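Below are the C-alpha cells for one structure; questions will follow.
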Amino acid sequence: MAVRYNFNETEAKWQRIWEETKAFQVDEDPKRPKYYVLEMFPYPSGRIHMGHVRNYALGDLLARYKMAKGFNVLHPMGWDAFGMPAENAAMQNKVHPKAWTYDNIAAMRKQLKTMGLSIDWSREFATCDVEYYQQQQHLFLDFLEAGIAYRRKSKVNWDPVDQTVLANEQVIDGRGWRSGALVEQRELTQWFLKISDYSQDLLDSLEGLDRWPEKVRLMQANWIGRSRGIELPFHLTSPAHGVNALVCYSTRPDTLRGATFLAISADHPLAKALANENPDIAAFCEECRRIGTSEEAVEKAEKLGFDTGLRVLNPINGEDTLPVWIGNFVLIEYGTGAIFGCPSHDQRDLDFARKYGLPVVNAFNMPGETTAVAAEALVPGKDVAVEYVEHFANIATATAYDAVEKSINWLEARNLGEGQVRFRLRDWGISRQRYWGCPIPVIHCESCGVVPEKKENLPVRLPEDVEFDRPGNPLDRHPTWRNTTCPQCGAAALRETDTMDTFVDSSWYFARFTAPELSTPTDPDIVGHWLPVDQYIGGIEHAILHLLYSRFFARAMRQTGHGGADEPFRGLFTQGMVVHETYRGSEGQWVSPAEIRIEENDAGRKAYLLSNNSEISIGGIEKMSKSKRNTVDPDDIISSYGADTARWFMLSDSPPDRDVIWTEAGVEGAHRFVQRIWRMTGGIASLPAPGGTAAPDDLLRLAHRTLAKVETMISELRFNSAVAQIYTLANAVEEGLRAAKSGSSSANLVPVARLMIQMIAPMMPHLAEACWQLLGGKGMLAAAPWPLVDPSLLAEDTLLLPVQINGKKRAEITIASDAGEADIVAAVLALDVIQKALDGMQPRKVIVVPKRIVNIVV
RNA sequence: GCCCCUGUGGCGGAAUUGGUAGACGCGGCAGACUCAAAAUCUGUUGCCGAGAGGCGUGCUGGUUCGAUUCCGGCCAGGGGCACCA
C-alpha cells in the first residue's frame, strides 16, 4: 500500500466512476421523500473562485448526506449567463458575447467537475440557451395577459455616452460607472412587473420562513417597508389653479398639532401650475430637479424651500393657518408628494423651520403649556405622545405606538382623513437597453399599438450578427431584426428592442431545473413535486433583490398556471465570504500570496518576498479580490492538495455563515488530516483479522456518540462542529490502532473506522470511497445508506460530575449514572478535597442537577 | 437618523433549554526519530504566580445556589435601509 495518498489518481478515478454509473441522476420517485438542494448558480465569468468552492462544498455535503439518509435528492447546476460583462468583453476583445459566454461555461464546468460534486449534470442549462429564454418569453406573455407585466413612463438614469439606462447602483457620484459621463434623468417608457401588488403577502409570508436567517427576513421586511399612516386634506384658504385642498400623507398624525408649515414637491401638480405663471417658482423647481436624487446629492444637498404665498388650514381645528412651501426634500414618488412639517418632532422639519424662520410649536404641550423645543427636535417619545393623544383625542390611555393608530381613528371619525397602508416597495422595472439578455416578446404596431408576440412564434431569438463597435444597444441598429409584422393586423411593425433584466432569468431557474427539457416553462405536477427548494445556499448579497424577485415569481407563476410552491425556498442559508490576508511591498504595491513566504515564531509573523527575501508588510484580512491580489486560485489548490483537502478546509473551523480566512497553514493542516486518515485506514486494514465477535468497548461507544452528534450538527448546518467531532473520533481511532499494534484487542477497529469514513464521506467523498474499499466496504459509498446509531451504545455506566462550593468548582466525582440524589450527596461530602475546602462549615443546601453538576451552598 | 447583528486564549472557534469556559483545529514551545532536512510521532500551551492559589467570556450594575448564556445601562466593531413624511 502506498504510504502517501495519491489524491490526483483517486479523485479522477471516482469522478469517472460516479459519472459512468450516473450516480447522481434523479427522477421523481414516489417511494422516497424528495430533497432539493440548490446553490445559487454561478455567473460564467470564466474561472471559479474560492467563493464558489465554499458554496459547493457546503451544498454537496448536504446533498450527499441527504442521499445517504434515503432522500431522493435533486442537486442541479446551471449558469446565470446573460448580462453586461459579456457585452463589455465583446467591446474590448472583439469576441461575440455568445462565444465568450459558452467558452467560459465550458472552462468553469471543467473546473467544477474536479471538485467531485454530486450534481445531476444531465439537467444543466444556461439562461442564454434559447430553450430557456423561449420559456421565459412564454412566462412574460402570460404575465402580460394576467396584468402582472405592464408598460409605463418612468424616470431613469440615462448614460448619454454608453446610451443606456443605468441601475441606481451603477451611478457613482452622479456619473456612469463605466463611461464617467454625467448621468441624466430621462423619462422612458419601460416594462414593469407588478411586484407591489404582492407587497402585503410577501411581507406576511416572511413569518412562515422559519428556516431563513432572521437577518434576511428583516432586510426584506424593511425593503418592502410597510407603513401605516393617514391621508389628510389641508384646505386652502382660497383655491388656486382649481385646487381646493392639498392632501398630505403622514405616519405621525399624533404630531399634527405641531404642524407649522406644508411642503410640496417641485413635481407636484400645484407646483407645476404655479411655475407656469411665476418665473421665480419655475427657476426654483428647475434647481430642485437638477440636484437630482442620487445618494451623494441627497447627502450634501441643503434643504431648500420657496414660499408660494398660499395658505392652508390645519384640519385638527380648522383655524390655524399654515404657509405652503415648495421643498426640495419632498419626493413626488412617495406618499402624495406633499407633507406637513412638524418642526418640534422631526429633525429635518426643524432644520427647515429654523432656516426659514418658521414657528416651532411643541405638539405635546398641554393647553396653556409653553415648553419650548431645544436645538434638536423632540424624539417622538413614549410619554409625550401619550399626553398629547389624551389631550386632543380624549383617549384615556395610549401607548406610544397606539398614539398613531388612535389619532388615525380620531381623525377618521371626524371625516378629516383616511387611514392608509403604504409600501416602500416599487414595481420592478425590467427593461434594459442591452443586447445580451432575453428579448421582450412584444411588437410595436402603428395601428394596433403594443402587441404581444404569438406563443407559436416564440422564441424571439437574439440575432447573432450584431456589432459592438459603438455604445448603445446593437438591437436598435440591426438592419433587419427589428422589422417584422404585426401579429394582430399583419402590417409591417417593429420589435421591442429592450431585453429583460437578468434578475428575471434567475427568478425561476430553480423551477426549470425540475424539468429542463420541457416545451412549456414547467410541468405543474413535476414542479409541484420538487418545489420548494429544501435548502438554498448562497451569498448574503442576494438577501433582497434575487430572493424577493424569486418569491414574487413563485406567486406570479402559480397565478398564471405554472405550478410550483407558495414559497420557492423552504430553507435558506447565507454563507460567509472567503477572505485572505493582504500583502504590500515597499512601494505600497499589492503582492500576491503566491509570491511570499511567512515566518512565524515567538517574535511574531513576518512575510518575505520569495524573489529577493525583502520583507513585505502584512495588511488586513479582506475579501479575495483581483485588485488587492489576495486571491488563491482553486485550480492551484486542487492540483497541489486535491479537492477533498480544499473542501475539508472550507468546512473546518469557521461556521459556514461567517467569513472564512483562507490560510496556507490551514490548508496544509487539512491536507495533513487527509493523509492521516489514509494512513490510519491502511494501518487498520492491514491488521490481522480478529477472531470472534467483539463486545462493545469505549471506542465503539464513542463512534456512535460521534455519529449521533454529527447527524445533529449537519442537520443544523453547523458543519465546523461536525468536523471537530470527527477529529475527536479520529484521535481515538488512532490511539486504538496504536494499542492494537502493541497487542490490545482490535476487534472494533474496522467497524469504527467504517463509521468514521461514512461520516467523512459527504465532506471528502473521494478519500472516503478509497478508504471504504480499503476497509472491505461493499460497493460505492456514494450509494451506501447512512449508518444507524445504536441507542444502546449511547448510554454511559458512570458519569463525571463537577462539584462546586458556592458556584466555584472544587472537585470532580465519578459516580454510577443511576445513582440517586442521596447517594451522590453522601459521596460528594465524603470527598477529601470537599471536606478540606469546607473546613468545618456546614452545607446549608446541596443542589444536585441530574447528570450535570453538584453545588454545595454554605 | 432608523433597524439589526456581533464582542470568548496568539488565531479560527466550542460550550444552543442557566450547570466543569476554552472542545476541535491553526500557530507557538520542548522533545523523539534523522548525518541533516522534510514527513511523522510525543508532551505542553488562557492570564498572573516558584507554588498553594487567584483572576478570567468588551465594560458596568442586577436576577440566581450557579451567568459566556437572562435583564438594565454603557463602549467597540460590522451590516441593512435612508430627504420614505
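Remember, predicted model here, so these are calculated numbers, not experimental data. The sequence lines fix the lettering, A, B, ..., with proteins before strands; numbering per chain opens at 1.
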Whole-angstrom distance between B:rU69 and B:rG61, as gauged at atom P: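 It works out to 14 Å between them.
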
Among B:rU20, B:rC4, B:rA39, which nucleotide has an atom closest to any side-chain atom of A:Arg4?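 It is B:rA39.
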
Sort out the partner of B:rC24 for me: Watson-Crick or G-U wobble, both distances under 3.5 Å, none otherwise.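 WC or wobble partner is B:rG12.
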
Taking any heavy-atom pair under 4.0 Å as a contact, classify A:Lys215: base, sugar-phosphate, or nothing.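 Here A:Lys215 touches the backbone only, sparing every base.
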
Base-pairing assignment for B:rU68 (Watson-Crick or G-U wobble, both under 3.5 Å):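 Check on B:rU68: unpaired, no WC or wobble geometry under 3.5 Å.
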
Give me the distance, rounded to whole Å, that separates B:rG46 from B:rU20 when you measure between the C1' atoms they each carry.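 Per the computed distance, 16 Å lies between those C1' atoms.
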
A:Gln804 side chain: which of B:rA85, B:rC41, B:rG19 is closest?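 Nearest nucleotide to the side chain: B:rG19.
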
Between A:Phe261 and A:Phe352, is the ring centroid distance below 6.0 Å?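 Yes - the distance between ring centres of A:Phe261 and A:Phe352 falls below the 6.0 Å cut-off.
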
With under 30° as parallel and over 60° as perpendicular, where do the rings of A:Tyr249 and A:Tyr334 fit, or are they tilted in between?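 The rings of A:Tyr249 and A:Tyr334 stand perpendicular, inter-plane angle above 60°.
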
How far, in whole Å, is B:rA76 from B:rC65 if one measures between their P atoms?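 Between the two P atoms, the distance is 35 Å.
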
Hey, does the side chain of A:Arg676 come within less than 4.0 Å of B:rA39's phosphate (OP1/OP2), counting only N and O?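 The answer is no; no side-chain N or O of A:Arg676 sits under 4.0 Å from OP1 or OP2.
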
Heavy-atom nearest nucleotide on RNA chain B for A:Asn855 versus A:Ala724: which residue maps closer to 5'?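 Per heavy-atom nearest nucleotide, the more 5' residue is A:Ala724.
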
Return the nucleotide paired to B:rG18: Watson-Crick means purine N1 to pyrimidine N3 with N6-O4 or O6-N4, wobble means G-U with N1-O2 and O6-N3, both under 3.5 Å.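 Answer to the pairing question: none, since B:rG18 forms no Watson-Crick or G-U pair.
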
For B:rA76, give the paired nucleotide (Watson-Crick: N1-N3 plus N6-O4 or O6-N4; G-U: N1-O2 and O6-N3; both under 3.5 Å), or none.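 Per the H-bond distance test, B:rU6.
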
May I ask you to decide if A:Gly620's main-chain N or O and A:Thr582's side chain share a donor-acceptor pair within less than 3.5 Å?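 Yes.
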
With A:Phe673, which of A:Phe649, A:Trp678, A:Tyr727 fulfils ring pair (Phe, Tyr, Trp, His ring centres under 6.0 Å)?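 The option that passes is A:Tyr727.
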
Contact class for A:Glu668 (heavy atom, under 4.0 Å): base, sugar-phosphate, or nothing?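 Nothing, no heavy atom under 4.0 Å.
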
Does A:Glu664 come within less than 4.0 Å of A:Arg597, counting only side-chain N to carboxylate O?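 Not counted as a salt bridge, because no side-chain N and carboxylate O are separated by less than 4.0 Å.
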
Pick one for B:rG53: is it syn, with its angle within 90° of 0, or anti?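 Chi for B:rG53 falls in the anti range.
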
Go nucleotide by nucleotide along RNA chain B from the 5' end; which of A:Arg852 and A:Arg810 gets its closest nucleotide reached first?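 Per heavy-atom nearest nucleotide, the more 5' residue is A:Arg852.
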
Could you tell me whether the phosphate oxygens of B:rC55, OP1 or OP2, come under 4.0 Å of any side-chain nitrogen or oxygen in A:Lys808?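 For B:rC55, OP1 or OP2 has a side-chain N or O of A:Lys808 closer than 4.0 Å.
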
If I take atom CD1 in residue A:Ile621 and atom C1' in nucleotide B:rG27, what distance separates them, rounded to the nearest angstrom?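 Checked: the CD1 to C1' distance equals 13 Å.
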
May I ask you to decide if the ring planes of A:His542 and A:His546 are parallel, tilted or perpendicular, using 30° and 60° as cut-offs?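 Perpendicular: the ring planes of A:His542 and A:His546 meet at over 60°.
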
Passes side-chain hydrogen bond (donor to acceptor under 3.5 Å, both in side chains), A:Asn731 versus A:Arg676? Steps please. CA-CA 10 Å; A:Asn731 291 343; A:Arg676 199 170 140 221; 2.5 Å; yes

Distance between P atoms of B:rC71 and B:rU63 (Å, rounded):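 16 Å, rounded to whole Å.
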
Between A:Arg701 and A:Asp698 (salt bridge meaning N to carboxylate O under 4.0 Å), is one present in this structure?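 A salt bridge links A:Arg701 with A:Asp698.
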
Suppose you measure atom C1' in B:rG66 against the same atom in B:rG18; what distance do you get, rounded to whole Å?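 Rounded to whole Å, the distance is 8 Å.
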
Sugar-phosphate atoms are those with a prime plus P, OP1 and OP2; base atoms are the rest. Using that split, label each nucleotide of nucleotides 6-12 of chain B B, S or - for protein heavy atoms under 4.0 Å, 5' to 3'. ------B

Short side-chain N/O contact from A:Arg672 to OP1 or OP2 of B:rC26, under 4.0 Å: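 Checking A:Arg672 against B:rC26: at least one side-chain N or O falls below 4.0 Å of OP1 or OP2.
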
Using purine N1 to pyrimidine N3 plus N6-O4 or O6-N4 for Watson-Crick, or N1-O2 and O6-N3 for G-U wobble, both under 3.5 Å, which nucleotide pairs with B:rA82?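 Across any shown strand, B:rA82 pairs with none.
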
Using Watson-Crick or G-U wobble geometry with both distances under 3.5 Å, which nucleotide pairs with B:rG31?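 Paired with B:rG31, as far as the under-3.5 Å criterion goes, is B:rC41.
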
Salt bridge or not between A:Glu735 and A:Arg738? Use side-chain N to carboxylate O under 4.0 Å.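 A:Arg738 and A:Glu735: not salt-bridged.
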
Phosphate-side-chain proximity, A:Arg738 and B:rC41, N/O vs OP1/OP2 below 4.0 Å: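 For B:rC41, neither OP1 nor OP2 has a side-chain N or O of A:Arg738 closer than 4.0 Å.
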
Does A:Tyr249 make a side-chain N or O approach to OP1 or OP2 of B:rA85 shorter than 4.0 Å?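 No.
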
Looking only at atom P, what distance separates B:rG72 and B:rC5, rounded to whole Å?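 12 Å, rounded to whole Å.
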
Would you say B:rG25 has OP1 or OP2 under 4.0 Å from some side-chain N or O of A:Asn731?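 Checking B:rG25 against A:Asn731, a side-chain N or O does come within under 4.0 Å of OP1 or OP2.
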
Among the candidates B:rC3, B:rA82, B:rA14, find the nucleotide nearest to the side-chain atoms of A:Ser721.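 Of B:rC3, B:rA82, B:rA14, B:rA14 is nearest to the side chain of A:Ser721.
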
Taking any heavy-atom pair under 4.0 Å as a contact, classify A:Ile847: base, sugar-phosphate, or nothing.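 Counting heavy atoms under 4.0 Å across all strands, the contact made by A:Ile847 includes a base.
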
For B:rG46, give its Watson-Crick or G-U wobble partner with both distances under 3.5 Å, or none.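 Checking every strand shown, B:rG46 finds its partner in B:rC55, with both distances under 3.5 Å.
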
Strictly below 4.0 Å: does A:Asn720 bring a side-chain N or O up to OP1 or OP2 of B:rA14?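 Checking B:rA14 against A:Asn720, a side-chain N or O does come within under 4.0 Å of OP1 or OP2.
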
Rounded distance in Å between the C1' positions of B:rU16 and B:rA23: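 It works out to 15 Å between them.
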
Within the 4.0 Å heavy-atom criterion, would you say A:Val330 contacts the bases, only the backbone, or no part of the nucleic acid?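 It contacts base atoms.
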
Quote, to the nearest angstrom, the C1' distance that separates B:rA67 from B:rU60.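 Pairwise C1' distance, B:rA67 against B:rU60, rounds to 15 Å.
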
Using whole Å, what does the distance between atom P of nucleotide B:rU40 and atom CE of A:Met680 come to?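 So the two atoms are 12 Å apart, to the nearest Å.
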
